[in-house]
Amino acid sequence: SCSGDTLTLQALASPGARLQWMLDGTDLPDDTLALLRTSVPGSYAVRAEASNSCHTVSGAVKVTVHPRPPAEILPAGPIRLCNEDTVQLQASVVPGASYMWSRDGVNMAGEIASTLRVRSPGSYSVLVTNAAGWSMLSAPVIVTRDTVPVPRVTPAGPHIMCEGDSIVLAAEPVGAWLPQWSRDGSPIAGATRNLYTVMQPGSYAVTFTANPGCKAASTSVIVDVQPRPHVSILSDRRDACEGDSIALRTVATPGTSMQWMKNGSDIPGASRDSLIVRASGVYSVRVRNAIGCAAVSAGLPVRFEMRPS
């Protein structure tokens with residue numbers, strides 16, 4: 001028999017005979033029935049004794065216990081695969097042994113090597129049979145799979161925005177995965193929601209995580225932040241008499257377009273770097289550079305007084 005198995009021996013004796021089992025010539029205490037179950041190797045015999053004290057000893061039966069081959073799988077599991085990952089299972093290497101792998105209790109056709117490349121989740125076992133024909137089935141190894149999609153960042157970019165502005169990036173698809181935003185390759189503390197508001201320049205990406213070992217990262221989105229132009233209004237005076245005029249001029253970042261305003265409203269056609277005004281009000285100028293970043297000057301109050309009669 002194999003180690004761990006139990007062998008049943010049966011004594012055939014005359015009715016009424018008292019029986020005594022023996023192992024290697026020594027009586028086995030309390031083993032006086034016709035059936036003997038044992039897993040111990042040795043030479044077994046039974047003594048039958050009649051009521052008149054006459055007895056007979058049977059011929060000996062030799063019981064040999066063969067060790068089973070080792071049947072272990074490494075890694076022992078449980079094993080969690082990520083997306084399209086695979087894992088190689090290694091059975092105990094026994095010289096001259098044969099192998100049969102099974103998944104979920106069903107033999108896998110053609111899988112008779114000591115290693116198995118696993119691509120699908122399931123419960124995997126291996127039956128190891130040594131050269132003497134003795135077999136041992138391994139404990140199962142459980143393989144599961146986590147699936148994490150490659151996230152997309154929308155809008156895709158690249159983006160150019162003006163100083164002080166912001167843009168909201170979204171990680172898609174929305175699911176049970178934990179998002180982690182990063183800037184220039186470093187995680188952003190607390191940025192673990194699907195939406196992230198960007199106000200600084202940099203290269204932004206998001207990583208989805210299903211478990212500590214299963215992650216997928218998006219491609220990067222470049223955000224560039226451009227400075228706004230500068231503008232101010234100069235004038236030799238701010239007060240004048242009715243019928244006179246005041247000349248206003250700007251000092252602004254070169255290459256900007258201009259729009260003069262009075263009391264917050266655009267003045268039609270007033271798009272030069274100077275303006276002649278003849279009416280009271282608060283004058284300001286809005287400038288815009290080539291990429292669309294705008295700035296508005298501080299308002300300049302101008303007052304025209306009535307002449308005395």
Side-chain angles (χ1 to χ4, degrees), residues 1-81 86-144:
S1 65
C2 292
S3 57
D5 289 349
T6 298
L7 182 67
T8 300
L9 302 178
Q10 183 177 8
L12 301 178
S14 301
R18 295 190 303 271
L19 302 178
Q20 175 61 60
W21 286 94
M22 296 177 291
L23 172 60
D24 296 330
T26 302
D27 289 356
L28 293 172
D30 302 322
D31 286 319
T32 59
L33 301 178
L35 296 180
L36 174 68
R37 291 183 174 85
T38 184
S39 58
V40 178
S43 178
Y44 288 83
V46 63
R47 183 175 63 250
E49 186 174 340
S51 57
N52 59 6
S53 298
C54 294
H55 65 270
T56 302
V57 178
S58 71
V61 173
K62 186 176 182 180
V63 174
T64 302
V65 176
H66 298 275
R68 292 182 182 275
E72 296 179 351
I73 299 176
L74 294 176
I79 299 169
R80 299 179 73 170
L81 300 179
T86 65
V87 64
Q88 180 168 286
L89 301 182
Q90 173 69 61
S92 303
V93 177
V94 178
S98 62
Y99 301 86
M100 173 53 71
W101 291 90
S102 62
R103 174 172 174 260
D104 298 331
V106 179
N107 288 343
M108 303 173 67
E111 300 296 351
I112 56 174
S114 61
T115 59
L116 177 70
R117 176 62 61 179
V118 171
R119 295 174 173 83
S120 302
S123 175
Y124 290 85
S125 300
V126 63
L127 181 69
V128 182
T129 303
N130 64 18
W134 308 109
S135 299
M136 185 68 178
L137 182 66
S138 72
V141 169
I142 306 301
V143 178
T144 58

Option from L116, V118, T115 for which side chain to side chain contact (heavy atoms under 4.5 Å, CB included) with W101 holds: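 The residue from L116, V118, T115 that satisfies side chain to side chain contact (heavy atoms under 4.5 Å, CB included) with W101 turns out to be L116.
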
Tell me whether [X] contacts the main-chain N or O of [Y] through its side chain, where contact means a donor paired with an acceptor under 3.5 Å.
{"X": "W21", "Y": "L9", "value": "no"}
{"X": "S43", "Y": "D24", "value": "no"}
{"X": "S138", "Y": "V126", "value": "yes"}
{"X": "N130", "Y": "A132", "value": "yes"}
{"X": "R18", "Y": "H55", "value": "no"}
{"X": "D104", "Y": "S123", "value": "yes"}

Looking only at side-chain N and O atoms, does S102 offer a donor or acceptor that is under 3.5 Å from a partner on Y124? no

Does the side chain of R119 pick up a donor-acceptor pair with the side chain of T86 at under 3.5 Å? no

Can you see which heavy atom on [X] is nearest to which on [Y], and at what distance?
{"X": "L127", "Y": "S135", "answer": "CD1-CB, 3.9 Å"}
{"X": "V141", "Y": "A76", "answer": "CG2-O, 3.3 Å"}
{"X": "A48", "Y": "A13", "answer": "CB-CB, 4.2 Å"}
{"X": "A45", "Y": "V57", "answer": "CB-CG1, 4.3 Å"}

Side chains of [X] and [Y]: closer than 4.5 Å at any heavy-atom pair?
{"X": "W134", "Y": "T129", "value": "no"}
{"X": "P75", "Y": "L89", "value": "yes"}
{"X": "L23", "Y": "V40", "value": "yes"}
{"X": "E49", "Y": "Q20", "value": "no"}
{"X": "R37", "Y": "L7", "value": "no"}
{"X": "L81", "Y": "V87", "value": "yes"}
{"X": "S120", "Y": "R103", "value": "yes"}
{"X": "L28", "Y": "L36", "value": "yes"}

[atom1] of [X] to [atom2] of [Y]: how many Å apart, nearest 0.5 Å?
{"X": "L74", "Y": "S92", "atom1": "CG", "atom2": "OG", "value": "7.0 Å"}
{"X": "M136", "Y": "E72", "atom1": "CE", "atom2": "CD", "value": "9.0 Å"}
{"X": "M22", "Y": "S58", "atom1": "CE", "atom2": "OG", "value": "6.5 Å"}

